[in-house]
There are 2 protein chains.
Amino acid sequence: MTATASQTSPRKRAGNGAARRIDADEIGLDALIGHAGYAVRRFQIWIFQDFIKTLGDVDIRPTQYSVLTVIGANPGLSQMAVAKRLGIERARLVHLLDSLEQRRLVKRIKSKTDRRSHAMHLTTQGETALAKFKRLAAEHERHVEARIGKANRERLLQILADFT
Amino acid sequence: MTATASQTSPRKRAGNGAARRIDADEIGLDALIGHAGYAVRRFQIWIFQDFIKTLGDVDIRPTQYSVLTVIGANPGLSQMAVAKRLGIERARLVHLLDSLEQRRLVKRIKSKTDRRSHAMHLTTQGETALAKFKRLAAEHERHVEARIGKANRERLLQILADFT
DNA sequence: GGACAATTGTTGTCGTCAACAACAATCTTT
DNA sequence: AAAGATTGTTGTTGACGACAACAATTGTCC
(Lines give C-alpha, C1' and ligand atoms only; values in the text may rest on other atoms or scores of the structure.)
Protein backbone atom coordinates (compact mmCIF):
# COMPACT_ATOMS: atom_id res chain seq x y z
CA MET A 1 0.00 0.00 0.00
CA THR A 2 2.09 2.87 -1.25
CA ALA A 3 1.54 5.70 1.17
CA THR A 4 1.16 8.73 -1.03
CA ALA A 5 -1.98 10.53 0.00
CA SER A 6 -3.59 10.71 3.41
CA GLN A 7 -3.05 7.40 5.10
CA THR A 8 -5.70 6.84 7.70
CA SER A 9 -5.92 3.84 9.93
CA PRO A 10 -9.43 2.45 10.15
CA ARG A 11 -10.97 3.73 13.32
CA LYS A 12 -12.23 1.71 16.23
CA ARG A 13 -13.85 -1.63 15.58
CA ALA A 14 -12.60 -2.67 12.21
CA GLY A 15 -14.17 -6.01 13.00
CA ASN A 16 -17.10 -7.24 11.01
CA GLY A 17 -20.84 -7.54 11.34
CA ALA A 18 -21.38 -6.62 14.95
CA ALA A 19 -20.67 -3.07 16.00
CA ARG A 20 -21.57 -0.66 18.74
CA ARG A 21 -23.89 2.25 18.10
CA ILE A 22 -22.15 5.07 16.33
CA ASP A 23 -23.14 8.61 17.12
CA ALA A 24 -23.47 9.54 13.48
CA ASP A 25 -21.39 12.68 13.77
CA GLU A 26 -18.33 10.95 15.10
CA ILE A 27 -17.87 9.30 11.75
CA GLY A 28 -14.61 10.42 10.22
CA LEU A 29 -14.59 11.90 6.74
CA ASP A 30 -10.93 11.11 6.24
CA ALA A 31 -9.57 12.47 2.97
CA LEU A 32 -12.84 14.22 2.22
CA ILE A 33 -11.95 16.89 4.74
CA GLY A 34 -9.29 18.26 2.43
CA HIS A 35 -11.45 18.37 -0.66
CA ALA A 36 -12.91 21.69 -1.64
CA GLY A 37 -15.35 19.97 -3.96
CA TYR A 38 -17.01 18.08 -1.15
CA ALA A 39 -17.50 21.15 1.00
CA VAL A 40 -18.72 23.13 -1.97
CA ARG A 41 -21.21 20.43 -2.92
CA ARG A 42 -22.70 20.28 0.56
CA PHE A 43 -22.88 24.04 0.75
CA GLN A 44 -24.47 24.29 -2.65
CA ILE A 45 -27.17 21.83 -1.65
CA TRP A 46 -27.92 23.84 1.45
CA ILE A 47 -27.98 27.15 -0.38
CA PHE A 48 -30.24 25.87 -3.17
CA GLN A 49 -32.66 24.38 -0.69
CA ASP A 50 -32.91 27.68 1.09
CA PHE A 51 -33.39 29.53 -2.20
CA ILE A 52 -36.12 27.16 -3.30
CA LYS A 53 -37.85 27.42 0.05
CA THR A 54 -37.57 31.20 0.23
CA LEU A 55 -38.92 31.61 -3.30
CA GLY A 56 -41.37 28.79 -2.77
CA ASP A 57 -44.46 30.96 -2.79
CA VAL A 58 -43.64 32.32 -6.22
CA ASP A 59 -42.44 28.96 -7.46
CA ILE A 60 -39.13 30.08 -8.91
CA ARG A 61 -36.00 27.96 -8.91
CA PRO A 62 -32.43 29.21 -9.02
CA THR A 63 -31.95 28.54 -12.73
CA GLN A 64 -35.20 30.23 -13.63
CA TYR A 65 -34.20 33.22 -11.55
CA SER A 66 -30.85 33.50 -13.29
CA VAL A 67 -32.50 33.40 -16.72
CA LEU A 68 -35.06 36.05 -15.82
CA THR A 69 -32.44 38.30 -14.30
CA VAL A 70 -30.15 38.18 -17.30
CA ILE A 71 -32.98 38.77 -19.76
CA GLY A 72 -34.28 41.58 -17.62
CA ALA A 73 -30.91 43.28 -17.60
CA ASN A 74 -30.18 42.61 -21.27
CA PRO A 75 -33.37 42.72 -23.29
CA GLY A 76 -33.16 41.41 -26.82
CA LEU A 77 -30.59 38.72 -26.22
CA SER A 78 -30.78 35.57 -28.29
CA GLN A 79 -31.28 32.23 -26.61
CA MET A 80 -27.77 31.31 -27.56
CA ALA A 81 -26.35 34.39 -25.87
CA VAL A 82 -28.30 33.73 -22.68
CA ALA A 83 -27.26 30.09 -22.64
CA LYS A 84 -23.60 30.89 -23.15
CA ARG A 85 -23.54 33.59 -20.55
CA LEU A 86 -25.13 31.40 -17.90
CA GLY A 87 -23.36 28.20 -18.83
CA ILE A 88 -26.64 26.51 -19.65
CA GLU A 89 -26.95 24.28 -22.66
CA ARG A 90 -29.15 25.74 -25.31
CA ALA A 91 -31.15 22.54 -25.45
CA ARG A 92 -31.96 22.92 -21.80
CA LEU A 93 -32.76 26.61 -22.12
CA VAL A 94 -35.49 25.76 -24.59
CA HIS A 95 -37.51 24.00 -21.89
CA LEU A 96 -36.80 26.68 -19.32
CA LEU A 97 -38.09 29.33 -21.70
CA ASP A 98 -41.09 27.23 -22.68
CA SER A 99 -42.08 27.18 -19.04
CA LEU A 100 -41.39 30.85 -18.42
CA GLU A 101 -43.23 31.81 -21.58
CA GLN A 102 -46.26 29.79 -20.58
CA ARG A 103 -46.28 31.71 -17.33
CA ARG A 104 -46.27 34.94 -19.34
CA LEU A 105 -43.04 36.15 -17.78
CA VAL A 106 -40.99 36.05 -20.96
CA LYS A 107 -41.68 36.33 -24.66
CA ARG A 108 -39.69 35.22 -27.66
CA ILE A 109 -39.72 37.76 -30.47
CA LYS A 110 -38.58 36.71 -33.90
CA SER A 111 -35.48 38.64 -34.81
CA LYS A 112 -35.60 40.48 -38.12
CA THR A 113 -31.86 40.71 -38.57
CA ASP A 114 -31.29 37.00 -38.08
CA ARG A 115 -34.31 34.93 -38.86
CA ARG A 116 -32.85 31.94 -37.07
CA SER A 117 -32.83 33.57 -33.67
CA HIS A 118 -35.27 34.95 -31.16
CA ALA A 119 -34.90 38.11 -29.13
CA MET A 120 -35.76 37.48 -25.51
CA HIS A 121 -37.79 39.99 -23.55
CA LEU A 122 -39.60 40.16 -20.25
CA THR A 123 -43.29 40.86 -20.46
CA THR A 124 -44.63 43.74 -18.42
CA GLN A 125 -45.96 41.16 -16.04
CA GLY A 126 -42.54 39.55 -16.06
CA GLU A 127 -40.87 42.75 -15.01
CA THR A 128 -43.04 43.36 -11.98
CA ALA A 129 -42.73 39.68 -11.09
CA LEU A 130 -38.96 39.81 -11.34
CA ALA A 131 -38.89 42.79 -9.00
CA LYS A 132 -40.65 40.65 -6.43
CA PHE A 133 -38.35 37.71 -7.08
CA LYS A 134 -35.39 39.97 -6.47
CA ARG A 135 -36.71 41.03 -3.11
CA LEU A 136 -37.17 37.41 -2.09
CA ALA A 137 -33.76 36.48 -3.45
CA ALA A 138 -32.25 39.26 -1.37
CA GLU A 139 -33.97 37.77 1.64
CA HIS A 140 -32.45 34.41 0.80
CA GLU A 141 -29.07 36.08 0.55
CA ARG A 142 -29.50 37.36 4.07
CA HIS A 143 -30.02 33.78 5.19
CA VAL A 144 -26.68 32.92 3.63
CA GLU A 145 -25.06 35.80 5.41
CA ALA A 146 -26.57 34.69 8.68
CA ARG A 147 -25.31 31.17 8.11
CA ILE A 148 -21.67 31.78 7.20
CA GLY A 149 -21.12 35.35 8.36
CA LYS A 150 -21.02 38.63 6.54
CA ALA A 151 -17.27 38.73 6.03
CA ASN A 152 -17.09 35.13 4.93
CA ARG A 153 -19.83 35.60 2.37
CA GLU A 154 -18.05 38.54 0.85
CA ARG A 155 -14.76 36.71 0.78
CA LEU A 156 -16.50 33.79 -0.89
CA LEU A 157 -17.98 36.00 -3.60
CA GLN A 158 -14.57 37.47 -4.14
CA ILE A 159 -12.80 34.12 -4.38
CA LEU A 160 -15.29 32.75 -6.87
CA ALA A 161 -15.78 35.96 -8.81
CA ASP A 162 -14.26 34.76 -12.05
CA PHE A 163 -16.46 31.70 -12.31
CA THR A 164 -19.47 33.90 -12.92
CA MET B 1 -41.80 49.55 -9.58
CA THR B 2 -40.94 49.60 -5.92
CA ALA B 3 -37.19 49.94 -5.72
CA THR B 4 -36.21 47.60 -2.96
CA ALA B 5 -33.50 45.36 -4.28
CA SER B 6 -30.90 46.10 -6.92
CA GLN B 7 -32.51 48.36 -9.46
CA THR B 8 -30.76 48.05 -12.78
CA SER B 9 -31.65 49.95 -15.91
CA PRO B 10 -31.76 47.75 -18.97
CA ARG B 11 -28.50 48.21 -20.82
CA LYS B 12 -28.05 49.51 -24.34
CA ARG B 13 -30.63 48.69 -26.95
CA ALA B 14 -33.75 47.84 -25.04
CA GLY B 15 -35.42 47.86 -28.43
CA ASN B 16 -36.89 44.73 -29.91
CA GLY B 17 -36.07 42.17 -32.54
CA ALA B 18 -33.06 43.64 -34.26
CA ALA B 19 -29.87 44.03 -32.25
CA ARG B 20 -26.16 44.39 -32.83
CA ARG B 21 -23.76 41.57 -32.12
CA ILE B 22 -23.08 41.18 -28.45
CA ASP B 23 -19.68 40.06 -27.33
CA ALA B 24 -21.09 37.42 -25.01
CA ASP B 25 -18.99 38.46 -22.05
CA GLU B 26 -20.23 42.01 -21.95
CA ILE B 27 -23.62 40.73 -20.89
CA GLY B 28 -24.47 42.00 -17.44
CA LEU B 29 -25.41 39.57 -14.72
CA ASP B 30 -27.21 42.24 -12.72
CA ALA B 31 -28.42 40.95 -9.37
CA LEU B 32 -26.75 37.61 -9.91
CA ILE B 33 -23.41 39.18 -9.11
CA GLY B 34 -24.37 39.50 -5.46
CA HIS B 35 -25.64 35.96 -5.07
CA ALA B 36 -23.32 33.47 -3.46
CA GLY B 37 -25.45 30.62 -4.73
CA TYR B 38 -24.82 31.50 -8.34
CA ALA B 39 -21.06 31.68 -7.94
CA VAL B 40 -21.04 28.49 -5.91
CA ARG B 41 -23.06 26.66 -8.53
CA ARG B 42 -20.76 27.67 -11.34
CA PHE B 43 -17.73 26.75 -9.29
CA GLN B 44 -19.18 23.42 -8.29
CA ILE B 45 -19.81 22.53 -11.91
CA TRP B 46 -16.24 23.36 -12.79
CA ILE B 47 -14.80 21.45 -9.88
CA PHE B 48 -16.90 18.34 -10.52
CA GLN B 49 -15.97 18.30 -14.17
CA ASP B 50 -12.31 18.43 -13.25
CA PHE B 51 -12.76 15.67 -10.70
CA ILE B 52 -14.57 13.44 -13.19
CA LYS B 53 -11.94 14.10 -15.82
CA THR B 54 -9.02 13.54 -13.47
CA LEU B 55 -10.51 10.29 -12.18
CA GLY B 56 -11.73 9.39 -15.63
CA ASP B 57 -9.35 6.49 -16.14
CA VAL B 58 -10.59 4.74 -13.01
CA ASP B 59 -14.19 5.72 -13.68
CA ILE B 60 -14.98 7.12 -10.26
CA ARG B 61 -17.34 10.02 -9.69
CA PRO B 62 -17.33 12.39 -6.72
CA THR B 63 -20.18 10.71 -4.90
CA GLN B 64 -18.68 7.27 -5.34
CA TYR B 65 -15.39 8.56 -4.04
CA SER B 66 -17.02 10.01 -0.96
CA VAL B 67 -18.79 6.74 -0.21
CA LEU B 68 -15.63 4.69 -0.59
CA THR B 69 -13.62 7.07 1.54
CA VAL B 70 -16.08 7.06 4.41
CA ILE B 71 -16.46 3.29 4.36
CA GLY B 72 -12.70 2.89 4.18
CA ALA B 73 -12.21 5.09 7.21
CA ASN B 74 -15.13 3.61 9.16
CA PRO B 75 -15.50 -0.07 8.37
CA GLY B 76 -18.70 -1.70 9.54
CA LEU B 77 -20.98 1.27 9.13
CA SER B 78 -24.59 0.63 8.19
CA GLN B 79 -25.96 2.04 4.97
CA MET B 80 -28.09 4.40 7.02
CA ALA B 81 -25.06 5.75 8.84
CA VAL B 82 -23.17 6.33 5.61
CA ALA B 83 -26.15 8.01 4.01
CA LYS B 84 -26.74 10.31 6.95
CA ARG B 85 -23.12 11.26 7.27
CA LEU B 86 -22.78 12.16 3.61
CA GLY B 87 -26.18 13.73 3.20
CA ILE B 88 -27.20 11.13 0.66
CA GLU B 89 -30.64 9.61 0.68
CA ARG B 90 -30.62 6.01 1.66
CA ALA B 91 -32.65 5.16 -1.43
CA ARG B 92 -29.93 6.62 -3.59
CA LEU B 93 -27.15 4.93 -1.65
CA VAL B 94 -28.64 1.57 -2.52
CA HIS B 95 -27.85 2.04 -6.21
CA LEU B 96 -24.43 3.49 -5.49
CA LEU B 97 -23.54 0.45 -3.41
CA ASP B 98 -25.00 -1.94 -5.95
CA SER B 99 -22.59 -0.52 -8.49
CA LEU B 100 -19.60 -0.49 -6.17
CA GLU B 101 -20.35 -4.02 -5.03
CA GLN B 102 -20.56 -5.26 -8.60
CA ARG B 103 -17.13 -3.78 -9.15
CA ARG B 104 -15.90 -5.74 -6.12
CA LEU B 105 -14.82 -2.63 -4.28
CA VAL B 106 -17.30 -2.93 -1.44
CA LYS B 107 -19.18 -5.73 0.25
CA ARG B 108 -22.32 -5.73 2.32
CA ILE B 109 -22.07 -8.04 5.30
CA LYS B 110 -25.25 -8.97 7.12
CA SER B 111 -25.10 -7.60 10.63
CA LYS B 112 -25.66 -10.11 13.40
CA THR B 113 -26.68 -7.58 16.01
CA ASP B 114 -29.33 -5.97 13.83
CA ARG B 115 -30.61 -8.24 11.14
CA ARG B 116 -32.17 -5.36 9.27
CA SER B 117 -28.88 -3.67 8.53
CA HIS B 118 -25.72 -4.37 6.60
CA ALA B 119 -22.17 -3.64 7.71
CA MET B 120 -20.25 -1.98 4.93
CA HIS B 121 -16.66 -2.95 4.22
CA LEU B 122 -14.10 -2.41 1.52
CA THR B 123 -12.82 -5.52 -0.16
CA THR B 124 -9.06 -6.00 -0.29
CA GLN B 125 -9.28 -4.98 -3.89
CA GLY B 126 -11.33 -1.99 -2.83
CA GLU B 127 -8.65 -0.85 -0.43
CA THR B 128 -5.86 -0.82 -2.94
CA ALA B 129 -8.16 0.80 -5.47
CA LEU B 130 -9.12 3.51 -2.99
CA ALA B 131 -5.46 4.27 -2.38
CA LYS B 132 -5.11 4.97 -6.09
CA PHE B 133 -8.28 7.03 -6.16
CA LYS B 134 -6.91 9.14 -3.34
CA ARG B 135 -3.77 9.88 -5.27
CA LEU B 136 -5.81 10.98 -8.26
CA ALA B 137 -8.14 13.00 -6.06
CA ALA B 138 -5.12 14.75 -4.59
CA GLU B 139 -4.04 15.59 -8.10
CA HIS B 140 -7.47 17.02 -8.76
CA GLU B 141 -7.15 19.07 -5.64
CA ARG B 142 -3.96 20.56 -6.97
CA HIS B 143 -5.90 21.67 -10.02
CA VAL B 144 -8.29 23.48 -7.73
CA GLU B 145 -5.42 25.13 -5.97
CA ALA B 146 -3.92 26.19 -9.28
CA ARG B 147 -7.26 27.63 -10.35
CA ILE B 148 -8.20 29.74 -7.33
CA GLY B 149 -4.91 30.02 -5.47
CA LYS B 150 -3.52 28.26 -2.46
CA ALA B 151 -4.64 30.79 0.11
CA ASN B 152 -8.11 31.11 -1.37
CA ARG B 153 -8.61 27.37 -1.39
CA GLU B 154 -7.71 27.12 2.26
CA ARG B 155 -9.93 30.02 3.16
CA LEU B 156 -12.75 28.36 1.26
CA LEU B 157 -12.33 25.09 3.15
CA GLN B 158 -12.34 27.03 6.36
CA ILE B 159 -15.46 29.03 5.53
CA LEU B 160 -17.42 25.95 4.54
CA ALA B 161 -16.00 23.64 7.21
CA ASP B 162 -19.23 23.15 9.09
CA PHE B 163 -21.20 22.03 6.09
CA THR B 164 -19.18 18.88 5.93
C1' DG C 1 -23.10 33.66 -57.37
C1' DG C 2 -23.13 29.23 -55.72
C1' DA C 3 -21.30 25.32 -52.99
C1' DC C 4 -20.01 24.34 -48.43
C1' DA C 5 -19.42 25.19 -43.57
C1' DA C 6 -21.22 27.20 -39.35
C1' DT C 7 -24.93 28.84 -36.29
C1' DT C 8 -29.68 28.85 -34.07
C1' DG C 9 -33.49 26.80 -32.14
C1' DT C 10 -35.57 22.48 -31.42
C1' DT C 11 -36.39 17.58 -30.28
C1' DG C 12 -34.93 13.50 -28.30
C1' DT C 13 -32.06 10.25 -25.46
C1' DC C 14 -29.15 9.07 -21.58
C1' DG C 15 -27.26 9.26 -16.93
C1' DT C 16 -26.80 11.70 -12.40
C1' DC C 17 -29.02 13.30 -8.59
C1' DA C 18 -32.50 15.03 -4.86
C1' DA C 19 -37.15 14.19 -3.00
C1' DC C 20 -40.93 11.22 -1.96
C1' DA C 21 -43.77 7.34 -1.14
C1' DA C 22 -44.64 2.69 -0.21
C1' DC C 23 -43.31 -1.84 1.39
C1' DA C 24 -41.44 -6.13 4.06
C1' DA C 25 -38.44 -7.42 7.53
C1' DT C 26 -36.84 -6.38 11.77
C1' DC C 27 -36.00 -3.85 16.15
C1' DT C 28 -37.84 -0.98 20.20
C1' DT C 29 -41.15 0.66 23.37
C1' DT C 30 -44.63 0.25 26.39
C1' DA D 1 -48.08 -8.95 22.77
C1' DA D 2 -49.32 -4.72 20.26
C1' DA D 3 -48.00 -0.38 18.39
C1' DG D 4 -44.55 2.33 16.55
C1' DA D 5 -39.98 3.21 14.66
C1' DT D 6 -35.98 1.90 11.75
C1' DT D 7 -33.44 -0.42 7.74
C1' DG D 8 -32.94 -1.66 3.23
C1' DT D 9 -35.31 -1.81 -1.05
C1' DT D 10 -38.11 -0.53 -5.16
C1' DG D 11 -40.33 2.75 -7.83
C1' DT D 12 -41.71 7.50 -9.47
C1' DT D 13 -41.06 12.26 -10.31
C1' DG D 14 -38.60 16.30 -11.71
C1' DA D 15 -34.35 19.30 -12.29
C1' DC D 16 -30.19 19.19 -14.58
C1' DG D 17 -25.82 18.40 -17.63
C1' DA D 18 -24.10 16.11 -21.86
C1' DC D 19 -24.85 14.55 -26.50
C1' DA D 20 -26.58 13.82 -30.99
C1' DA D 21 -29.38 14.84 -34.81
C1' DC D 22 -32.22 17.89 -37.61
C1' DA D 23 -34.33 21.99 -40.44
C1' DA D 24 -33.90 26.68 -41.28
C1' DT D 25 -30.97 30.24 -41.93
C1' DT D 26 -26.64 32.80 -42.29
C1' DG D 27 -21.72 33.26 -43.32
C1' DT D 28 -17.61 32.09 -45.92
C1' DC D 29 -14.77 31.05 -49.63
C1' DC D 30 -13.56 30.17 -54.26
Side-chain angles (χ1 to χ4, degrees), chain A residues 17-19 21-22 24 37-38 41-42 44-53 55-56 59-67 76-84 86-101 106 108-120, chain B residues 17-19 21-22 24 37-38 41-42 44-53 55-56 59-67 76-84 86-101 106 108-120:
Chain A
R21 259 277 156 281
I22 296 191
Y38 178 69
R41 168 177 163 263
R42 296 298 299 262
Q44 204 244 347
I45 290 173
W46 180 88
I47 212 169
F48 265 49
Q49 281 173 342
D50 184 87
F51 187 99
I52 293 168
K53 196 190 310 167
L55 299 225
D59 191 31
I60 287 290
R61 314 189 95 258
T63 313
Q64 296 176 312
Y65 178 72
S66 69
V67 170
L77 286 185
S78 69
Q79 296 185 193
M80 198 55 207
V82 173
K84 244 190 261 177
L86 290 176
I88 301 173
E89 273 196 279
R90 66 186 201 279
R92 166 130 189 72
L93 188 60
V94 172
H95 300 300
L96 285 168
L97 289 172
D98 285 349
S99 159
L100 294 174
E101 200 169 30
V106 159
R108 291 185 244 226
I109 299 179
K110 280 182 281 189
S111 168
K112 288 158 188 165
T113 57
D114 186 340
R115 290 168 34 222
R116 291 170 302 182
S117 69
H118 296 157
M120 312 305 308
Chain B
R21 260 279 155 280
I22 296 192
Y38 178 69
R41 168 176 163 265
R42 296 298 298 261
Q44 203 245 346
I45 290 173
W46 180 87
I47 212 169
F48 266 49
Q49 280 173 342
D50 185 86
F51 187 99
I52 292 169
K53 196 191 310 169
L55 300 215
D59 192 30
I60 287 290
R61 315 189 92 258
T63 313
Q64 296 176 312
Y65 177 72
S66 69
V67 170
L77 285 185
S78 70
Q79 297 185 193
M80 197 56 207
V82 173
K84 243 190 260 176
L86 289 176
I88 300 174
E89 272 196 280
R90 67 186 199 280
R92 166 132 188 71
L93 188 60
V94 171
H95 301 299
L96 284 168
L97 288 173
D98 285 348
S99 158
L100 294 174
E101 201 169 30
V106 159
R108 292 185 245 224
I109 299 180
K110 280 182 281 191
S111 168
K112 289 158 189 168
T113 56
D114 185 341
R115 286 164 41 221
R116 292 170 303 182
S117 68
H118 296 156
M120 312 306 307

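In what follows, chains carry the letters A, B, and so on, assigned in the order in which the sequence lines appear, proteins first and then strands, with residues in each chain numbered from 1. Please read these numbers as outputs of a predicted model, since none were measured by experiment.
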- Query: Given atom CE of A/M120 and atom P of C/dT8, what is their separation to the nearest angstrom?
  - Reply: 14 Å
- Message: Starting the side chain at C-beta, find the nucleotide from D/dC16, C/dC17, D/dT7 nearest to B/M80.
- Response: D/dT7
- For the side chain of B/Q49, starting at C-beta, report the closest nucleotide among C/dT11, D/dT9, D/dA18. D/dA18
- Message: I need the minimum non-hydrogen distance between B/A83 and B/L93, along with the two atoms involved.
- Response: N-CD2, 3.8 Å
- Message: Does C/dG15 have its OP1 or OP2 closer than 4.0 Å to a side-chain nitrogen or oxygen of B/R61?
- Response: no
- Using whole Å, report how far CZ of B/R108 lies from C1' of C/dA25. 16 Å
- Query: Which value, rounded to the nearest 0.5 Å, describes the distance between B/L86 atom CG and B/L96 atom CG?
  - Reply: 9.5 Å
- Under the side-chain hydrogen bond (donor to acceptor under 3.5 Å, both in side chains) rule, what pairs show up with a residue in residues 87-97 of chain A, not counting sequence neighbours? none
- Rounded distance in Å - CD (B/Q44) to C1' (C/dA18): 13 Å
- Query: Between atom CD1 in B/I88 and atom P in C/dC17, what is the gap in whole Å?
  - Reply: 9 Å
- How long is the line joining CG of A/L93 and P of D/dA18, in whole Å? 15 Å
- Message: So, OP1 or OP2 of D/dT6: does either fall under 4.0 Å of a side-chain N or O from B/S117?
- Response: no
- Once each nucleotide of nucleotides 19-28 of chain D is scored for protein heavy atoms under 4.0 Å, what B/S/- sequence comes out, 5' to 3'? B-B--BBS--
- Using atom CG of B/L86 as one end and atom P of C/dC17 as the other, report the distance to the nearest whole Å. 12 Å
- Item | Min side-chain heavy-atom separation A/R108-A/K110 under 4.5 Å | no
- Could you tell me which non-hydrogen atom of B/R41 sits nearest to which non-hydrogen atom of A/I88, and how far apart they are? NH2-CG1, 4.1 Å
- Relative to the 5' end of DNA chain C, which residue comes earlier, A/H95 or B/G87, by the nucleotide with the nearest heavy atom? A/H95
- Query: To the nearest 10 degrees, how far apart in direction are the end axes of the helix from C/dG1-D/dC30 to C/dT30-D/dA1, each fit to five base pairs?
  - Reply: 30°
- State, yes or no, whether a side-chain contact exists between B/S99 and B/Q64 at a heavy-atom distance under 4.5 Å. yes
- Item | Heavy-atom side-chain contact between B/Y38 and B/R42 under 4.5 Å | yes
- Task: Rounded to the nearest 0.5 Å, what's the gap from CD1 on B/I52 to CZ on B/F48? Could you check?
- Result: 7.5 Å
- Task: Answer with yes or no whether the side chains of A/Y65 and A/R61 bring together a donor and an acceptor at under 3.5 Å.
- Result: no
- Message: Under 4.0 Å, heavy atoms only, any strand: does B/I45 hit a base, just the sugar-phosphate, or nothing?
- Response: sugar-phosphate
- Below 4.0 angstrom from OP1 or OP2 of C/dT16, is there any side-chain N or O of A/R41? no
- Query: To the nearest Å, how far apart are A/L96 CG and C/dT10 P?
  - Reply: 12 Å
- Message: Just N and O in the side chain of A/Q64: are any of them under 4.0 Å from OP1 or OP2 of D/dA15?
- Response: no
- Item | Test item: A/H118 and A/I109 side chains (from C-beta on) under 4.5 Å apart, heavy atoms | no
- Message: Rounded to whole Å, how long is the line connecting atom CD of A/Q79 with atom C1' of C/dG9?
- Response: 6 Å
